J.: 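What follows is a structure written as structure tokens; I'll ask about it next.
Nothing here was measured: the structure is a model prediction, and the numbers come from that model.
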Amino acid sequence: MKRNQVWGMTLAFLASICLAGSLQAGEESGWVKLFNGKNLNGWTQHNGTATYKVEDGTIVGTTSEGSPNSFMCTKKNYGDFELEFEVKVADELNSGCQIRSQQKDGNGRVNGPQVEIEASGKNGAEAGYVYGEATGRGWLTPEKRLKPHKVMKDGEWNKFRIVAKGPRIQTWINGKQIEDLTDEAIYKTHPTGFIGLQVHGIKKGTGPYSVAWKNIRIKELD
């Protein structure tokens, strides 16, 4: 084989590597880590007395008896975005991820859309559906679609993906789509807001129970 042919093949090979690398970088562009794995910089707690600690690269929220719902929230507000995280929740505990949420009167009750986090249990549960936390509306997911399922793996890490674009909210758990909701009313009142990690209140004489999150990242959409 002639030298110029060898050189041409080498250049082609290097170009293919560079192209593959640029495509991979392009696929990951725009993503920002919301949790650095070390501390809670960029987050603040609203409502309740549940405790939030960083343990082994995860945010661990633990119930506090007598406390109302507690929320660890981003200091920054987000409108249209794609959000991903992994979560593991105690079988006995109900939790959730607030999106585009607010506080009443600026420092009061956390309210807004919440993506449900709940162990499947024996009969399935409503994980991945959308609830209107403290909005007075209850479930935003229509009742006819609010069917219990077992997509959540109890006692294991589960990957959530949430896409909020205008009035449309889509959710996935472990790669399976759970909800595709278009709600003009909630978008009108909550077009933007913080992300919040909920530790639900518990009944007297129960607990403590914990829920943990890791690999939390977000990509804002145009």
Side-chain angles (χ1 to χ4, degrees), residues 27-28 30-78 81-101 110 112-121 125-131 133 149-164 171-176 178-179 193-202 206-220:
E27 290 172 355
E28 292 300 310
W31 285 100
V32 175
K33 291 182 178 180
L34 288 182
F35 170 51
N36 62 19
K38 301 177 182 178
N39 53 50
L40 292 172
N41 289 350
W43 297 80
T44 186
Q45 184 169 348
H46 298 315
N47 305 162
T49 57
T51 60
Y52 292 85
K53 297 180 179 179
V54 176
E55 298 179 2
D56 299 323
T58 70
I59 298 176
V60 179
T62 303
T63 58
S64 174
E65 189 173 337
S67 171
N69 296 348
S70 305
F71 305 87
M72 180 58 65
C73 306
T74 59
K75 293 181 179 179
K76 180 178 176 179
N77 287 346
Y78 297 91
F81 59 84
E82 182 173 354
L83 174 69
E84 293 183 346
F85 59 86
E86 292 178 64
V87 63
K88 181 166 62 174
V89 62
D91 291 351
E92 303 87 351
L93 182 63
N94 169 274
S95 182
C97 177
Q98 296 292 139
I99 60 172
R100 292 174 170 170
S101 291
V110 168
Q114 178 194 110
V115 177
E116 183 78 358
I117 298 172
E118 184 179 14
S120 294
E126 290 81 22
Y129 294 126
V130 184
Y131 184 76
E133 179 77 14
H149 62 80
K150 292 191 175 185
V151 178
M152 280 278 288
K153 300 175 182 178
D154 294 357
E156 300 181 26
W157 288 102
N158 292 269
K159 184 173 183 178
F160 276 63
R161 177 178 175 236
I162 303 167
V163 177
T171 71
W172 290 260
I173 301 176
N174 299 324
K176 181 176 176 59
I178 304 298
E179 179 59 296
F194 51 72
I195 308 296
L197 311 179
Q198 183 198 54
V199 173
H200 205 282
I202 57 174
T206 63
Y209 307 121
S210 294
V211 53
W213 294 266
K214 66 179 182 179
N215 297 328
I216 310 169
R217 66 177 191 165
I218 196 167
K219 177 167 63 176
E220 295 187 75

J.: Measure across A127 and E118 and return the closest heavy-atom pair with its distance rounded to 0.1 Å.
T.: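 In this case the closest contact between A127 and E118 is CB-O, 3.6 Å.
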J.: At what distance, to the nearest 0.5 angstrom, does CD1 of I162 lie from CD1 of I178?
T.: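 The CD1 atom of I162 sits 11.5 Å away from the CD1 atom of I178.
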J.: Provide the closest heavy-atom pair for S67 versus A50 in the form atom of the first, atom of the second, distance.
T.: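 Smallest heavy-atom distance, with atoms named: OG-N, 3.8 Å.
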J.: Would a 4.5 Å heavy-atom cut-off, applied to side chains only, mark K159 and E84 as touching?
T.: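 Counting from C-beta outward, K159 and E84 do come under 4.5 Å.
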J.: Is there a donor-acceptor pair under 3.5 Å between the side chain of S120 and the backbone N or O of M152?
T.: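 Side chain of S120 to backbone of M152: a pair is present.
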J.: Taking atom OH of Y52 and atom CG of L40, what is their separation to the nearest 0.5 Å?
T.: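 Here the interatomic distance stands at 10.0 Å.
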J.: Can you tell me how far CG of N36 sits from CD1 of I216, rounded to the nearest 0.5 angstrom?
T.: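 The distance works out to 10.0 Å.
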J.: Mind telling me whether H149 and Y129 have parallel, tilted or perpendicular rings, with 30° and 60° as the class edges?
T.: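 The arrangement is perpendicular - the two ring planes meet at more than 60°.
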J.: So, the side chain of N47 versus the backbone of F71: is there a donor-acceptor pair under 3.5 Å, distance only?
T.: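 Pair absent, no side-chain N/O of N47 close to backbone of F71.
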J.: Indicate yes or no for a side-chain donor-acceptor contact from S95 to the backbone of Q198 under 3.5 Å, with no hydrogens or angles considered.
T.: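 Yes; judged by distance alone, with no hydrogens or angles, the pair exists.
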J.: Measure the shortest side-chain to side-chain distance between H200 and L93 over non-hydrogen atoms and say whether it is less than 4.5 angstrom.
T.: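 In contact.
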J.: Would you check if the side chain of N174 reaches a backbone N or O of N158 as a donor-acceptor pair within less than 3.5 Å?
T.: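 Pair absent, no side-chain N/O of N174 close to backbone of N158.
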J.: Are the side chains of N69 and V199 in touch, meaning some heavy atoms are under 4.5 Å apart?
T.: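 No, side chains not in contact.
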J.: So do D91 and Y209 actually touch side chain to side chain, heavy atoms under 4.5 Å?
T.: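 Side chain of Y209 against side chain of D91, heavy atoms only: no contact under 4.5 Å found.
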J.: What's the shortest heavy-atom distance between F160 and E116, and which atoms?
T.: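 Heavy atoms only, the tightest pair is CE2-O, 3.6 Å.
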J.: Taking S101 for the side chain and V110 for the main chain, is one N or O donor matched with an acceptor at less than 3.5 Å?
T.: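 Side chain of S101 to backbone of V110, a donor-acceptor pair under 3.5 Å: no, none is there.
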J.: Between CG of L197 and CD of Q98, what distance do you get to the nearest 0.5 Å?
T.: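 That separation rounds to 9.5 Å.
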J.: Please say whether more than 12 non-hydrogen atoms of neighbouring residues, nucleotides or ligands are located less than 6.0 Å from CG in N39.
T.: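 For N39, atom CG is crowded (more than 12 foreign heavy atoms under 6.0 Å).
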J.: Would you call I195 and C97 a side-chain contact if the rule is heavy atoms closer than 4.5 Å?
T.: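 Yes, side chains in contact.
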J.: Look at the side chain of T58 and the backbone N and O of V60, then say whether any donor-acceptor pair between them is shorter than 3.5 Å.
T.: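 Judged by distance alone, no pair lies under 3.5 Å.
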J.: Which value, rounded to the nearest 0.5 Å, describes the distance between E65 atom CD and T49 atom OG1?
T.: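 Going from the CD atom of E65 to the OG1 atom of T49 covers 10.5 Å.
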J.: If you define the side chain from C-beta out and look only at heavy atoms, does anything of E220 sit under 4.5 Å from K76?
T.: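 Yes, close enough: below the 4.5 Å cut-off.
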J.: Hey, are the side chains of T74 and W43 touching, using non-hydrogen atoms and a 4.5 Å cut-off?
T.: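 The answer is yes, as the side chains (C-beta and beyond) meet within the 4.5 Å cut-off.
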J.: For the residue pair M72 and W213, establish whether any side-chain heavy-atom pair is separated by less than 4.5 Å.
T.: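 M72 vs W213: side chains apart.
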J.: To the nearest 0.5 Å, what is the distance between CZ on R161 and CD1 on I173?
T.: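 Rounded to the nearest 0.5 Å, the CZ-CD1 separation comes out at 13.0 Å.
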